[in-house]
Student: 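Please read through the structure below; I'll follow up with questions.
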Amino acid sequence: MTTLPPCSTAETDVLIVGAGLAGLTVALSLPEHFHITVVVRQDLSICASTLAQGGIAAVIDEADSVAEHVADTLIAGAGSCDETQTATILSEGANAIEWLCAHGVEFTRENGQLHLTREGGHGKRRIVHAADHTGRSISETLQQQLLARPNIQVLTHTFINEAILENTVCTGASVTIADSGETILIRAKHTVLASGGLGQLFSLTTNPLTATGHGIAVAALAGCRTRQLAFVQFHPTALALPANPCFLISEAVRGEGGILRNSQGQRFMPQYDERAELAPRDIVARAIAAEIDNSGHHCVYLDITHLSADFIHTHFPQIYLHCLQQELDITCEFIPVAPAAHYACGGIITDTAGRTDVPQLYVIGESASTGLHGANRLASNSLLECVVVGRAAAASMVASDSHTLTWPQHLKKESTELLWQQPVQTSVSVPDMHVQPFSLNALQKLMSRYFGICRRTEDMHTLHMQLQQWYLHAVSQTDKLTLVTALLMVQDGLNQTENRGAHFNVDFA
């Protein structure tokens, strides 16, 4: 690995912002004669992909089919998926797993075959995993290969300011090195935003500190359309221990027989959905939220004490050890859990190769909206999307390097109107507000209060007005990008006319 020297201007073939699974896949899928620059906000290892526990959904078993995987995805997506693009992505599942295996990722196997587990919303066992630390195993393996390639340069502790456009074509981006404060214009033939999600806009999230939605804001300000940003998936089961950083209790725990119990120790999910603990995440999260509201207790409990200790040690070693460090033995004690902001189902509109409305600007991973997730992401489809779309994006760049590549005609070229700068028209009476000083903590509290699992129209209008005031008075570019994403999310929430998937407005109930 070489390090890009500090300078005011630099050039590269491909600029990749973010080094989660999406960014890593693009970088490692490109030929070694390409000069690649990777920009990350903190250390290379800090990304949402590393935190993923469950696995990657892919059709491997002969008893399974892509058609069934598509059907399960469409059901979870509540009628908001793009069926054609969903089928295109999911049909590449087996090839994606083969690519990861070829790159040295060691998945859990039984009798020499990939072990498949099952998660909520899936009709078959199709989750390929590495125990309960799939994301970490994949990320660490691919990061080692990234660092070993001499054609790849990495800038850590560096954040993006804006995309650079010339004649409506993206020609790179402006970035700033955090330690020195120096701004660098990196010119690139292709620019990839793979900067992750937006969970840090909420008080409780399973996302890393880097998940502030800046990639979405940068692309939107460059003229890309957004879609379905109201659909924020709250993971039903984040560890809920006092004064303990949010830690994800994998969907696979319920997939292997975990039972949700309320503060009275009673199982409650069958009262909410016939699929019980294996219902899609939005249903489970709302059920847990309702039980918490009804009881006044801060959490519910996930019970796997009926499973053998050996099974728990083998299948959930990371969860077991983390909880044990918190003086909680999950082999004989219930796990306190509560919902936390987990995944942005919407984002920047792209095709299945990550191409956006702006030529030569790609958005991949959680920042993108390929149409796969719809109103509610099906468990473990996200890592698959990172690999499939990342490889397709790399192929698109290689093709354009060898011949003139026409940007897809179905992608619009018009700039997105900056709707967050205009007051939202409403007949709802919104109380006068005291404009409090902006801080990330203040933003997180308001987003959690007014744009959480359950929402109200009046609350969203109140929140939108506060966000507008903050945006108009924002000083730093970092704050502006955070607020642009928040405004786009709330704007989309106000535009929703019904309850669907991860968006639930109490006024429509």
Side-chain angles (χ1 to χ4, degrees), residues 1-20 22-24 26-27 30 34-48 143 146-147 149 151-166 169-198 200 208-224 347-348 354 356 358-368 390 393 397 440 474-485:
M1 182 193 77
T2 57
T3 302
L4 192 68
C7 57
S8 58
T9 305
E11 291 190 2
T12 190
D13 291 320
V14 180
L15 170 62
I16 301 173
V17 180
L24 289 168
V26 174
L30 289 168
F34 272 53
H35 184 273
I36 303 166
T37 301
V38 178
V39 170
V40 291
R41 283 186 66 179
Q42 293 192 352
D43 294 326
L44 191 61
S45 61
I46 298 178
C47 62
Q143 285 164 7
L146 183 84
L147 296 174
R149 291 201 177 182
N151 65 311
I152 299 177
Q153 301 175 318
V154 179
L155 275 174
T156 60
H157 300 279
T158 301
F159 54 89
I160 186 169
N161 299 309
E162 61 180 346
I164 304 302
L165 302 184
E166 296 180 12
V169 175
C170 182
T171 57
S174 165
V175 304
T176 296
I177 300 174
D179 292 341
S180 66
E182 181 184 6
T183 296
I184 302 175
L185 173 60
I186 302 179
R187 297 192 175 278
K189 297 177 182 177
H190 311 277
T191 301
V192 181
L193 299 179
S195 51
L198 42 75
Q200 285 296 330
L209 292 174
T210 54
T212 52
H214 287 183
I216 293 171
V218 166
L221 290 169
C224 298
I348 299 298
T356 70
V358 177
Q360 309 312 324
L361 177 61
Y362 297 76
V363 178
I364 302 174
E366 194 171 350
S367 297
M397 296 173 205
L440 182 59
V475 176
S476 75
Q477 179 68 2
T478 297
D479 290 347
K480 288 182 178 179
L481 293 178
T482 303
L483 287 165
V484 164
T485 300

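Throughout, residue positions are numbered sequentially from 1 according to the sequence presented. Computed from a prediction, not measured in an experiment: that's the story for all the values here.
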Student: At their closest point, which heavy atom of F159 faces which heavy atom of T478, and how far apart are they?
Tutor: CE1-OG1, 3.9 Å

Student: Side-chain contact test, heavy atoms from C-beta onward, threshold under 4.5 Å: evaluate it for S367 versus L193 and give yes or no.
Tutor: no

Student: Just verifying a value: how many Å separate L361 CG and T171 OG1, rounded to the nearest 0.5 Å?
Tutor: 10.5 Å

Student: Start with the C-alpha distance between R41 and T212, add both sets of side-chain angles, then the distance that settles side chain to side chain contact (heavy atoms under 4.5 Å, CB included), and finish with yes or no.
Tutor: CA-CA 11 Å; R41 283 186 66 179; T212 52; 2.5 Å; yes

Student: Might you work through the side chain to side chain contact (heavy atoms under 4.5 Å, CB included) test for L44 and L147, ending with a clear yes or no?
Tutor: CA-CA 10 Å; L44 191 61; L147 296 174; 3.8 Å; yes

Student: Which atom pair, heavy atoms only, marks the closest approach of A19 to V38?
Tutor: CB-CG1, 4.0 Å

Student: Let's go through H157 and V40 carefully: what are the C-alpha distance in whole Å and the side-chain angles of both, what is the deciding distance for side chain to side chain contact (heavy atoms under 4.5 Å, CB included) to 0.1 Å, and is it a yes or a no?
Tutor: CA-CA 6 Å; H157 300 279; V40 291; over 6 Å; no

Student: Indicate the atoms forming the closest heavy-atom contact of I364 with A22, along with that distance.
Tutor: CG2-CB, 3.5 Å

Student: What pairs with Q477 under side chain to side chain contact (heavy atoms under 4.5 Å, CB included), at least two apart in sequence or on another chain?
Tutor: N161, K480, L481

Student: Under the rule for side chain to side chain donor-acceptor pair (under 3.5 Å), what residues qualify as partners of T12, not counting sequence neighbours?
Tutor: H35, T37

Student: Does some side-chain heavy atom of I186 sit less than 4.5 Å from a side-chain heavy atom of V39?
Tutor: yes

Student: If you round to the nearest 0.5 Å, how far is CG of L15 from CD of Q360?
Tutor: 13.0 Å

Student: So how far is it from C170 SG to K189 NZ, rounded to the nearest 0.5 Å?
Tutor: 14.5 Å

Student: Roughly how far, to the nearest 0.5 Å, is the CD1 atom of I184 from the CD1 atom of I177?
Tutor: 3.5 Å

Student: Roughly how far, to the nearest 0.5 Å, is the NE2 atom of H214 from the CD1 atom of I160?
Tutor: 10.5 Å

Student: Specify the closest pair of heavy atoms between I348 and A220, including all atoms of both residues, with the distance to one decimal.
Tutor: CD1-N, 3.9 Å

Student: Check A474 against D479 and note the closest heavy-atom contact, atom names and distance.
Tutor: CB-CB, 4.5 Å

Student: Do any N or O atoms from the side chain of T156 and from the backbone of Q42 form a donor-acceptor pair under 3.5 angstrom?
Tutor: no

Student: What's the spacing between M397 CE and Y362 OH if we round to 0.5 Å?
Tutor: 5.0 Å

Student: What pair of heavy atoms forms the shortest contact from T183 to S174, and how long is it?
Tutor: CG2-OG, 3.4 Å

